[in-house]
There are 2 protein chains.
Amino acid sequence: MTTEVPTGPRRSDATRAAILEAARERFAADGYERATIRAIARDAGIDPSMVMRYYGNKEGLFAAASEFDLRLPELGALPSRHAGAVLVSHFLDRWEQDDVLMALLRAAVTHDAAAERARSIFRDQLGPVAVALCPDPAEAPRRAALIASQILGMALARYVLRLPPAVEMTREEIVGWLAPTVQRYLTEERP
Amino acid sequence: MTTEVPTGPRRSDATRAAILEAARERFAADGYERATIRAIARDAGIDPSMVMRYYGNKEGLFAAASEFDLRLPELGALPSRHAGAVLVSHFLDRWEQDDVLMALLRAAVTHDAAAERARSIFRDQLGPVAVALCPDPAEAPRRAALIASQILGMALARYVLRLPPAVEMTREEIVGWLAPTVQRYLTEERP
DNA sequence: TACATTTGCCAACAAGCGTTGACCAACGTC
DNA sequence: GACGTTGGTCAACGCTTGTTGGCAAATGTA
């Protein structure tokens, strides 16, 4: 719970933003430990000590850089039989247009705070979608975890491990294969 | 290609094995960069310099510690409609009984050599299974990658990120949900 | 103009890292 | 029993890391 003091725009806002952007790129490319404060500062064109002044320490910098909104679409509007395809397609978009998911995944594998952040994102943002669409709300967390497993797995294979066949597939092919899976995890009765 | 000089058992074999075991545990628990040679040596009860003597450097130690055989069962024997369930069940076994898959995953996310090792394991060991069972052999690599995405994703969710619903599911529930997915990726005609 | 705050750089710290080479003890072989 | 080989420890190296505190310039305020 951060106490929100209504502070106006500061002269240093551009620097703060540059640091955050560099941090997101480095965390995404290198993971938590190999993304050094010195390298981030170099990318941002400032001194490493500025990072400490504005974000306290490396942990605080990561916390600030890894805030994330999945921007999941409202699925109530369209027929629920298309939910799987919409979800898969949307996740591919988010993965390719924003570094934060990659930073989160790369860091979460070796860094506890990042893993906790990932857990809370899936719980708080994907969870409600499952509650709204799956047959038994009590089962929603399980459904959400199954969906997360397939989507995270494809992201891992395609963007991190770069398994050649996963890289070579088109977006449409991926949606074609994964959408029925996600659809089933979301809406089908228990197996 | 290692030239296989037929060398007999050495007095140091126990030490070498202790180093490898400690290395596997540390790489599995901490990933590549946080698993330090000093910590591995401490776990093995020897001096860090021994690690260097026996494995050259950290890279060589990881290469030795991450050799892995998926031990995929012969699937030709049983009806191919059960292949999905057998595969999922077998992967869960391998994941829970051997540290190496965890070490490989944790390291591959931030370390190129580990990612290459992971790619080659899936290509050389899972690939042939797909060739044998999927309708069009030319499509086998893609099928194998899809299967890898679902299985890696569940491993990531359950064993690495520890999403609570994924941790709480029983083995049987996971097989029940994932087997149809893997089965479809393996044998179903193109969507 | 005088002063306080903010923004930034610089130099250094202590700790930890992978890695090296000298050295000693135990062993196997003649 | 002498001796080369092997298994092991110890102390140190050069380097990088996160982090700190001091100082200078720019900016805002009276």
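All values derive from a computational prediction rather than experimental measurement.
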Are [X] and [Y] close enough that some pair of their side-chain heavy atoms sits under 4.5 Å apart?
X        : Y        : answer
A:Met154 : A:Met169 : yes
B:Arg34  : B:Arg26  : no
A:Thr36  : A:Asp30  : no
A:Leu105 : A:Tyr159 : no
B:Gln150 : A:Leu178 : no

CG/A:Asp112: more than 12 non-hydrogen atoms of other groups inside 6.0 Å:
no
Roughly, in whole Å, what's the span from [atom1] in [X] to [atom2] in [N]?
X       : N      : atom1 : atom2 : value
A:Ile46 : C:dC9  : CD1   : P     : 7 Å
A:Ile40 : D:dT16 : CD1   : P     : 17 Å
B:Glu33 : C:dG16 : CD    : P     : 18 Å
B:Met50 : C:dG21 : CE    : C1'   : 14 Å
A:Arg34 : D:dC15 : CZ    : P     : 20 Å
A:Arg26 : D:dT16 : CZ    : C1'   : 14 Å
A:Arg42 : C:dG8  : CZ    : C1'   : 18 Å

Contact summary for B:Leu61 and B:Ile19, nearest pair of heavy atoms:
CD1-CG2, 3.9 Å
Does anything in residues 71-82 of chain A form a salt bridge (charged side-chain N to carboxylate O under 4.0 Å, His left out)? List the pairs, not counting sequence neighbours.
none
Trace of the side chain to side chain donor-acceptor pair (under 3.5 Å) decision for B:Ser89 with B:Arg171:
CA-CA 8 Å; B:Ser89 180; B:Arg171 280 180 49 99; 3.1 Å; yes
Might you list the N or O atoms of the protein lying below 3.5 Å from N or O atoms in nucleotides 21-24 of chain D, with each pair's distance?
none

Counting side-chain heavy atoms from CB outward, which of [options] is closest to [X]?
X       : options              : value
A:Thr36 : C:dC9, D:dG8, D:dT17 : D:dT17
B:Ile37 : C:dG8, C:dT19, D:dG8 : C:dT19
A:Arg38 : D:dT9, C:dG8, D:dG18 : D:dG18

Among residues 12-22 of chain A, which residues get a heavy atom nearer than 4.0 Å to DNA chain D?
none
Could A:Arg143 and A:Tyr185 be counted as a cation-pi pair, given that NZ or CZ must be under 6.0 Å from the ring centre and within 45° of the axis?
no
Are A:Arg24 and A:Asp98 ion-paired here, with the side-chain N under 4.0 Å from a carboxylate O?
no
Look at A:Arg142 together with B:Glu173 and state whether they make a salt bridge at an N to O cut-off of under 4.0 Å.
yes
According to ring pair (Phe, Tyr, Trp, His ring centres under 6.0 Å), who are the partners of A:Tyr32, at least two apart in sequence or on a separate chain?
A:Phe27, A:Phe62, A:His111
Along nucleotides 24-29 of chain C, 5' to 3', which nucleotides get a B, which get an S, and which get a -, given that the test is a protein heavy-atom distance under 4.0 Å?
---S--
Is the backbone N or O of A:Ser66 less than 3.5 Å from a side-chain atom of A:Arg117, with the two atoms forming a donor-acceptor pair by type?
yes
Tell me which residues in residues 57-66 of chain A lie within less than 4.0 Å of DNA chain C, going by non-hydrogen atoms.
none
With distance as the sole criterion, do the side chain of B:Arg10 and the base of D:dG7 form a donor-acceptor contact below 3.5 Å?
no
